[in-house]
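Heads up: the structure comes next, in structure tokens.
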Amino acid sequence: MNNQILLAFLSYFSILLVIGIIAHKKQKSAADFIMGNRSLNFWLTALSAHASDMSSWLFMAFPGAVFGLGLPKAWIAIGLILGMYANWQFIAQRLRLATEKYNSYTLPTFFENRFDDKSGVLRVLTASIAIFFLASYLSAGLTSMGILFESVFGINYYFGLSVATFVVVLYTFVGGFLTVAWTDLVQAIFLLFVIIIVPIIAFNSLPQGLETIQQAAITQNISLQLWDTFNLKTFLEIAFLAAWGLGYFGQPHIVTKFMGIKNPSEIHKSKYLGMLWLVLALGGAVLVGVVGIGYFPESLDNRESVFITMVSTLFTPYVAGFILCGILAANMSTMDSQILVCASVISEDFYKPLFRPQASSNELLKVSRFGVICTALFSLMMAFNRSATVLEAVRYAWSGLGCSFGPLVVLSLYSKKVNKYGAIAGIVTGGVFSGGWQFLGGVSVYDIVIPAEIPGFFGGLAMIYAVSYLTDKKKATVCNF
């Protein structure tokens, strides 16, 4: 049985490596490796951006939350849909034009150029925070892959992590941005098919369909409504769950896909295609959790394994192996983008300005590839400590990136009054709030814990404006894109 599933995984890996080898032939410079020389078309931009967004969280953490805690958790998906739509609508085109104007391939470089910071503080600070939280995000993805190998194959958790890391590093190292974009496209199509078809088949296998789910939900005291009673407490619960969407503005592995499109005027096409994909994917994940309530009436020891267990009981080993590659698809499409962003930051924002300002493009290309390896190894070591659930680890990194960079991304594109002092203060405030919020023990209202995104994002916004106002306002740079 394990051999058949393993064969399916190897077949899938082979497809990704072939894409990497083909894209490798187009690598001529660091700009090609980091940004694909801004050559993506609208549909590649759309699906690559969304595949970079949806990690194994889509198959494990989110369906597990709905499966164990009920349909109210679907507000997370609604918040994400609203947040990503706002990202496309208000950020994508402006960021694409702005980064080209300032000749920037990473967010730290863009911030430094946009606010004319000659000290290098803004760039190094932004780069350091990006690497820290992206490495945390990567470790969460690796953890879920280790769990997958352990539960499906019975393979040692640490060995599974090492194998998964090797595969992602190999094709990212070889092909860079174009490989990541094309593999993300393939994986986006594949994982969308998987996340929709599995719960439909599982639902059809239930003896009494919806009635089976309802009865199991009553037995387990799980709500199948978006809200049971609508009052102030319910409103706060919904708002706090939907706060996930605030994180979108500051995710480097997502917004860099906006920066890579060839024709900025086609971003509206990417928006509609990408949002359709996102709605279907998140809807499928919700369906997995809801159908799982009836499919596993006795629940599961690990609710985050609901999709894995469902697939293993529905299909033959080889077919199950291919379907479970959907988790790998989701995971790898996020991990490769995050690894590439970290590698780009290492070469463009650390190595070049601090050590080799006159470095050639070929030299930076080599450093970027070296950064791929270093980032992956560091994240692998973090993943060896499986101290948190996938949902907790992803939420920590997501809020950290969103609160650190999100407010400044928005204001750098729309405000004429922000300066470098406000930018630095906002990044520090957002990072400290989001990174340290959990250590406060859970600040709550009506016994509902306030998520880090709310104080982090709005605290960052307020600090950027306040410090910019208190410092020399004449130094504020004009935003005109």
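Between the side chains of Ser136 and Ser139, no donor-acceptor pair is found at a separation under 3.5 Å. Ser48 and Lys257 share a donor-acceptor pair across their side chains, judged by distance under 3.5 Å alone. For the 3.5 Å distance criterion, the side chains of Ser347 and Lys366 fail to qualify, holding no donor opposite an acceptor. Counting only N and O atoms by type, the side chains of Ser399 and Ser434 include no donor and acceptor under 3.5 Å apart. For the 3.5 Å distance criterion, the side chains of Tyr351 and Glu363 qualify, holding a donor opposite an acceptor.
Leu125 CG to Ser404 OG: the interatomic distance, rounded to the nearest 0.5 Å, is 8.5 Å. Distance check: Ile195 CD1 to Phe62 CZ gives 9.5 Å after rounding to the nearest 0.5 Å.
Relative ring orientation between Phe133 and Tyr396 is described as tilted, the plane-to-plane angle lying within the 30° to 60° band. Under the 30°/60° scheme for interplanar angles, the aromatic rings of Tyr137 and Trp398 are found to stand perpendicular.
The shortest distance between side-chain heavy atoms of Phe433 and Cys403 does not fall below 4.5 Å. When side chains are defined from C-beta on, Asn113 does not count as touching Asn103, because their heavy atoms never get closer than 4.5 Å. Residues Phe249 and Val255 are not in side-chain contact: their nearest non-hydrogen atoms beyond the backbone lie 4.5 Å or more apart. By the 4.5 Å heavy-atom criterion applied to side chains, Thr126 and Asp349 are not counted as neighbours. Residues Leu69 and Arg303 are in side-chain contact: their nearest non-hydrogen atoms beyond the backbone lie under 4.5 Å apart. No side-chain heavy atom of Thr256 sits under 4.5 Å from any side-chain heavy atom of Thr99. Between Tyr414 and Arg94 the shortest side-chain heavy-atom distance falls below 4.5 Å. Leu58 has its side chain within reach of Leu282: a pair of non-hydrogen atoms, C-beta onward, lies under 4.5 Å apart.
Residues Thr375 and Ala343 approach most closely at OG1-N, 4.2 Å, considering heavy atoms. For the pair His253 and Leu401, the tightest heavy-atom approach, listed with the atom from each and the gap, is CE1-CD1, 4.4 Å. What you find for Ser415 and Arg114 is that their closest heavy atoms are O-NH2, 3.1 Å. Closest non-hydrogen pair, Val410 versus Ile91, comes out as CG2-CD1, 4.0 Å. The two residues Phe457 and Pro407 have their closest heavy-atom pair at O-CG, 3.4 Å. The two residues Ala49 and Phe258 have their closest heavy-atom pair at CB-CE2, 4.4 Å.
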Run the numbers on Phe59 and Leu191 for side chain to side chain contact (heavy atoms under 4.5 Å, CB included), then give the verdict.
CA-CA 9 Å; Phe59 288 88; Leu191 71 85; 3.8 Å; yes

Does Ser52 form a side-chain hydrogen bond (donor to acceptor under 3.5 Å, both in side chains) with Ser337? I'd like the steps, not just the answer.
CA-CA 6 Å; Ser52 298; Ser337 296; 2.8 Å; yes

Verify side chain to side chain contact (heavy atoms under 4.5 Å, CB included) between Ile222 and Phe67, making sure each step is shown before the conclusion.
CA-CA 8 Å; Ile222 296 175; Phe67 171 65; over 6 Å; no

Side chain to side chain contact (heavy atoms under 4.5 Å, CB included), that's the test. Do Leu95 and Phe110 meet it? Break it down for me.
CA-CA 9 Å; Leu95 185 63; Phe110 168 62; 4.1 Å; yes

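Atom CZ of Phe296 has more than 12 neighbouring heavy atoms from other residues, nucleotides or ligands inside a 6.0 Å radius. Annotation for Phe193: atom CZ does not count as buried by contact number, only 12 or fewer foreign heavy atoms lying within 6.0 Å. Residue-environment remark: NZ (Lys73) stays at or below the threshold of 12 foreign heavy atoms within 6.0 Å.
Note that Arg123 lies outside the cation-pi zone of Phe111, set by a 6.0 Å cut-off to the ring centre and a 45° limit from the axis.
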